[in-house]
Number of protein chains: 2
Amino acid sequence: MATIDDVARTAGVSTSTVSYVLSGKRPISAPTRLRVEKAIRELGYRPHAGARALASSRTQVIALMAPLRVDVDVSVIMQFVTGVVTAARTYEHDVLLLTQDDAAGLDRVASGSMVDALVVMDIEDDDPRVPLLATLRQPTVLIGLPHEAAGLSCVDLDFEGAGRLAVRHLSARGHRAVGLVGSPPAVLERHTSYAERILRGFRSEAQALDVQAGHVACESSPSGARAAVDSLLAAVPDVTAVVVHNEVALPFVVSALHDRGLRTPEDVSVLAVCPPEVAESQPVPLSSIDLPAHTIGAVAVEMVMARLDQDHPAETRLLTPRVVDRGSVHDRSAVPEPGVSP
Amino acid sequence: MATIDDVARTAGVSTSTVSYVLSGKRPISAPTRLRVEKAIRELGYRPHAGARALASSRTQVIALMAPLRVDVDVSVIMQFVTGVVTAARTYEHDVLLLTQDDAAGLDRVASGSMVDALVVMDIEDDDPRVPLLATLRQPTVLIGLPHEAAGLSCVDLDFEGAGRLAVRHLSARGHRAVGLVGSPPAVLERHTSYAERILRGFRSEAQALDVQAGHVACESSPSGARAAVDSLLAAVPDVTAVVVHNEVALPFVVSALHDRGLRTPEDVSVLAVCPPEVAESQPVPLSSIDLPAHTIGAVAVEMVMARLDQDHPAETRLLTPRVVDRGSVHDRSAVPEPGVSP
DNA sequence: CTGAAAGCGCTAACAC
DNA sequence: GTGTTAGCGCTTTCAG
């Protein structure tokens, strides 16, 4: 492998000159720049990442911890991941992927100076990784919202707002009894923040608008979906709309409703909370509150880069939810009294 | 951050001694080892990855290129990815994730000495990345089977064997007319090797066993699945079993069959080719030829590490396919003549 | 069993 | 606008 000295020699300049044409950190005359670039091309020169990291304290790598928990839809995780990777490349960074959910991995890559910054997914309300992250010298952004962010940046969809928006959207279309089919019990038990936040928003807005609201957890499986539907129908017999925040169970919830003789959207409306791709690719496309996973990943990178390059202060960014109509929410407001469907 | 010299100083030894207790590359007396370890603990010392890479030419990182192509089921990709990441940790390595499918990314991380080795997924028959990879000084293993491996290691499920096994399995159970619902046209068009290999095995075994065989490509969508089922039924009206090698379309193929009045498995048997998790989590579990994606990822890492540590020669490993019965293949061999179902 | 010291390849003062 | 050079923090001969 050619080194920077080889390049300098064949270009007839000093090593620093080569370094500076590479970094652009000082002006170089056109002729020398050209000679250097030619030498680089001829020798197929690539700076040695380790040497560069050692000298500059910059690795051009960020860590991404993407725990592949059961019950969390992998396609959603993948969206976050690609969002992060794509955005990172934009900032000349690569991504080191950690899939095991432990503080040790974060500590290893950060303390060992393998990365310039960290992005951590699937944050729980009281997440054991947060205190560690707060001690690192590299900036971190959390995807999710812990109870105590300890000075770290956070980014996520505003799930509480999404819960409210869902109820408001349905209420405005004449629905007076709505259900939320949510995350699996395991997700709730570990107090993953989004599950609790959407529920809070859902309930508070239902109360405010005097809408009857039921919530059921839902295992991410066909049988789990059937059970959830049954228990929701038992709890809220008059339910006319159901919000589903569970990508894996989503298709099964819809088919479970059908199996019980409830058509979508004539008998019961369905509003999903999921990435647009998921809502579109259902057997019948579903209206949804989009979870812009790819975007969130990209924003996480932007935030972390802003902290690195301009030591921008920490902040929390909650993306505003919006409803995308794909026809699975029925407008009942034309029907004055809940009556017999045609 | 504490450096190795800090550790040496507080332990009262030389830097090389610290280095050697860390690497274990030469014997250290118990007392000094203990003193050094204590110092390391007290200072919270972590070797600087860049410095180590510079001095040792080892980064303890491997690159994984996992192109997230449309039409390829993300959950399967994720299985490969976690297989690779988990196995890599076993060898004290981390994983740098590349998601964009280009030779440039591979060249960047390899020529820049960011990684010790590379694992490349989703190899096409005539893959443009292969010639580049062959020139790198880092060992590479391909997940998939290109036409010309150029001296690189390869690992994959034996898809040709899987195609044969599928036909043999169905034939042994009395099926004389079988279909293969395969990858999307786009996958076939880019000559992704597994799609062609399974088809070759499927056809050759059908011919050998005198079984009528039809093949249709299948877009990864509900409508694509319906279209594929229709065209298969048109081509092979008497079909009694269908092999599905398309994780995304799988549930829709099954429901399309049902919509056409064909029950599983009484009227038409279904044999999937997919990871066990996918086959199990269908609305009704499906018998399958397991695609051990996690294992393949892990084997890829083992192979690449063997080349690194023991410069083991390149080789190609094809994992033997096997059928896992989950009840979706009907045994017709008891029925002497194809007759009316009860 | 342990130490001294020469790099590894690059960046960034500091000179001119 | 360009060159010289002192590190960055580690590994690994070479000595003892």
Side-chain angles (χ1 to χ4, degrees), chain A residues 1-37 39-40 43-61 92 108-116 137 309, chain B residues 1-37 39-40 43-61 92 108-116 137 309:
Chain A
M1 281 284 90
T3 72
I4 197 172
D5 289 298
D6 297 328
V7 175
R9 204 171 310 117
T10 93
V13 299
S14 70
T15 64
S16 59
T17 297
V18 177
S19 178
Y20 285 118
V21 330
L22 249 22
S23 70
K25 287 188 182 176
R26 84 180 182 190
I28 303 283
S29 71
T32 51
R33 154 173 299 113
L34 257 26
R35 295 223 315 288
V36 169
E37 284 166 349
I40 289 178
L43 299 176
Y45 167 71
R46 294 273 191 177
H48 185 287
R52 177 173 270 191
L54 181 56
S56 69
S57 304
R58 283 287 207 128
T59 63
Q60 305 301 113
V61 175
E92 315 254 58
R108 175 164 42 79
V109 301
S111 300
S113 297
M114 299 181 74
V115 301
D116 293 336
R137 70 184 171 298
D309 296 334
Chain B
M1 282 285 90
T3 71
I4 197 172
D5 289 297
D6 297 328
V7 175
R9 203 173 308 119
T10 93
V13 299
S14 70
T15 63
S16 56
T17 297
V18 177
S19 179
Y20 285 118
V21 330
L22 249 22
S23 69
K25 289 188 181 176
R26 85 180 181 190
I28 303 283
S29 71
T32 51
R33 155 174 297 114
L34 257 26
R35 296 222 316 287
V36 170
E37 284 166 350
I40 288 177
L43 298 176
Y45 167 72
R46 295 272 191 177
H48 185 288
R52 177 173 270 192
L54 181 56
S56 69
S57 304
R58 283 286 208 130
T59 62
Q60 305 302 112
V61 175
E92 315 254 57
R108 174 165 43 79
V109 301
S111 301
S113 299
M114 299 181 74
V115 302
D116 293 336
R137 69 184 172 299
D309 296 334

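Proteins get letters first, then strands, A, B, ... in listed order; numbering begins at 1 in each.
For B:Arg58, the side chain to side chain donor-acceptor pair (under 3.5 Å) partners at least two apart in sequence or on another chain are B:Asp309. A:Ser19 meets the side chain to side chain contact (heavy atoms under 4.5 Å, CB included) test with A:Ile4; sequence neighbours excluded. In this structure, the side chain to side chain donor-acceptor pair (under 3.5 Å) partners of A:Ser29, at least two apart in sequence or on a different chain, are A:Thr32. Applying the side chain to side chain donor-acceptor pair (under 3.5 Å) criterion to A:Ser111, with sequence neighbours excluded, gives A:Asp107. In terms of the salt bridge (charged side-chain N to carboxylate O under 4.0 Å, His left out) criterion, B:Arg35 has no residue partners (sequence neighbours excluded). In this view, B:Arg108 and A:Arg46, A:Arg89, A:Asp94, B:Leu98 satisfy the side chain to side chain contact (heavy atoms under 4.5 Å, CB included) rule, not counting sequence neighbours. Applying the side chain to side chain contact (heavy atoms under 4.5 Å, CB included) criterion to B:Ala11, with sequence neighbours excluded, gives B:Val13, B:Val36, B:Ala39.
Counting to the nearest Å, the P atom of D:dC10 and the CE atom of B:Met1 are 11 Å from each other.
Shown here for A:Thr3 and A:Tyr45, the closest heavy-atom pair between the two residues is C-CE1, 3.5 Å.
Counting only residues at least two apart or in different chains, salt bridge (charged side-chain N to carboxylate O under 4.0 Å, His left out) contacts with residues 2-24 of chain B comprise B:Asp6-B:Arg9. Applying the side-chain hydrogen bond (donor to acceptor under 3.5 Å, both in side chains) test to every pair with at least one member in residues 48-57 of chain B, sequence neighbours left out, gives no pairs at all.
Overall bending of the helix from C:dC1-D:dG16 to C:dC16-D:dG1, expressed as the angle between end axes built from five pairs apiece, is 30° (10° steps).
Note on A:Arg46: only backbone sugar-phosphate atoms sit closer than 4.0 angstrom, heavy atoms only; bases stay farther off.
Taking the 5' to 3' direction, DNA chain C first and last meets chain A under 4.0 angstrom from a heavy atom at C:dG9 to C:dC14.
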Protein and nucleotides 11-15 of chain D: nitrogen or oxygen contacts under 3.5 angstrom:
from   : atom 1 : to      : atom 2 : distance (Å)
D:dT11 : OP1    : B:Arg52 : NE     : 2.9
D:dT11 : OP1    : B:Arg52 : NH2    : 3.4
D:dT11 : OP2    : B:Ser19 : OG     : 2.8
D:dT12 : OP2    : B:Lys25 : NZ     : 3.1

